[in-house]
Number of protein chains: 2
Amino acid sequence: MKILHHPDKADIQLSSVLYALSDPVRLFILAELRRSGERTCGDIDVPVVKSTLSHHARTLREAGVVSVRVHGTQRFLSIRTEDLESRFPGLLTSVMNAYEHSGEPMIINAE
Amino acid sequence: MKILHHPDKADIQLSSVLYALSDPVRLFILAELRRSGERTCGDIDVPVVKSTLSHHARTLREAGVVSVRVHGTQRFLSIRTEDLESRFPGLLTSVMNAYEHSGEPMIINAE
DNA sequence: TCTAATATTCGATTGTCATCGAACAATAGA
DNA sequence: TCTATTGTTCGATGACAATCGAATATTAGA
């Protein structure tokens with residue numbers, strides 16, 4: 001079985017977390033996880049192909065934002081809420097709150 | 001005189017702000033601005049050359065994070081605290097708090 | 001008007017990222 | 001064992017970003 005690396009709580013870097021959160025697709029994924037607690041990749045409805053979604057999941061995992069639990073052929077994603085809260089208090093809440101109230105588009109319109 | 005474009009408060013995008021904040025040099029600049037309120041580019045001591053600093057200042061300005069006031073040959077940077085607070089309540093505070101307490105390195109060490 | 005100070009812009013370089021499609025891997029279930 | 005399901009990895013591509021040094025622009029002050 002494949003080993004998925006998750007950074008230790010103490011090794012989670014602020015700039016990496018902020019970078020992971022700076023993509024509209026990834027923000028959407030987090031919002032979904034926040035609503036459901038846990039989701040498989042296949043149950044997240046984003047306008048990108050599987051391989052791209054896999055890339056985003058990896059980016060979030062390696063930044064320490066999400067945890068990935070392997071079960072059969074599926075991977076369940078969930079937010080590392082407690083780790084993030086203890087390392088960066090209030091950060092995730094304010095980001096997700098901002099996201100919910102700001103109508104962030106998932107696809108940037110050309111002007 | 002050069003016109004510097006600042007996005008309207010309502011046009012500030014969450015993902016752009018998070019991206020602007022995801023660079024260690026820019027986080028450092030913000031921390032400095034937070035301490036002094038206002039700074040000229042020349043008074044910010046970062047380990048990059050002038051032109052690179054100018055690039056970072058522009059990134060922060062265009063994302064809506066900082067305001068740039070022109071005075072003579074100098075540009076005074078300051079954080080758009082009120083605009084950010086009203087658009088994304090608590091966000092900047094939690095980010096800067098996280099920065100102050102997490103020992104974020106300005107230069108990433110190679111492993 | 002000339003010069004020094006301050007900052008931006010430009011061109012080049014190097015590297016990373018988001019995206020896709022195709023191929024592959026792993027596992028559940030028939 | 002065979003097949004369908006679920007994701008990952010790989011290679012390619014196009015876009016963009018961080019960095020530097022050199023050239024340029026703007027203004028203050030002598």
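None of these values were measured; they are calculated from a predicted model. Atom set for the values below is all heavy atoms of this structure, side chains included, hydrogens, waters and symmetry mates excluded.
- Side-chain proximity of B:R75 to D:dT6, D:dT27, C:dT8: nearest is C:dT8.
- Of the side-chain N and O atoms in B:R58, one or more sit less than 4.0 angstrom from OP1 or OP2 of C:dT9.
- A pairwise comparison of heavy atoms in B:A31 and B:E100 identifies CB-OE2, 4.0 Å as the closest pair.
- Side chain of B:V49, nearest nucleotide from D:dC20, C:dT8, D:dT26: D:dC20.
- Every residue meeting the side-chain contact (heavy atoms from CB on, under 4.5 Å) condition with A:E38, not counting sequence neighbours, appears here in chain and number order: A:R69, A:F76, A:S78.
- Across B:F88 and A:S102, no two heavy atoms sit closer than the pair CE2-CB, 3.8 Å.
- Contact check, B:S54 against C:dT8: a side-chain N or O comes under 4.0 Å of OP1 or OP2.
- Closest approach to the A:Y19 side chain among D:dT9, C:dA18, D:dA18 is made by C:dA18 (side chain taken as heavy atoms from C-beta onward).
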Subject >> Dot-bracket summary - DNA chain C, pairs being Watson-Crick or G-U whose distances fall under 3.5 Å, with | when paired to another strand >> reply: ||||||||||||||||||||||||||||||
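- Among all heavy-atom pairs drawn from B:L53 and B:I44, the shortest one is CD2-O, 4.3 Å.
- Nearer the 5' end of DNA chain D, as judged by each residue's closest nucleotide, is the contact made by B:H55, out of B:S51 and B:H55.
- Of the candidate nucleotides C:dG21, D:dT19, C:dA18, D:dT19 has the atom nearest to the side chain of B:T52.
- One interatomic measurement links the two molecules: NE2 of A:H56 to C1' of D:dG7, which rounds to 15 Å at whole-angstrom precision.
- Across the protein-nucleic acid pair, B:L53 atom CG and D:dA17 atom P stand 17 Å apart, rounded to whole Å.
- In this structure, of D:dG7, C:dA18, C:dT6, it is D:dG7 that holds the atom nearest to the side chain of A:T40.
- Comparing A:V48 and B:D43, the nucleotide of DNA chain C nearest to each residue sits closer to the 5' end for B:D43.
- When every heavy atom of A:R39 is checked against every heavy atom of A:L33, the shortest pair comes out as CB-CD2, 3.6 Å.
- A pairwise comparison of heavy atoms in B:P7 and B:A63 identifies CG-C, 4.2 Å as the closest pair.
- Contact between B:L92 and B:I79 at its shortest, heavy atoms only, is CD2-CG2, 3.6 Å.
- Closest to the side chain of A:C41, out of D:dT8, C:dA7, D:dC20, is D:dT8.
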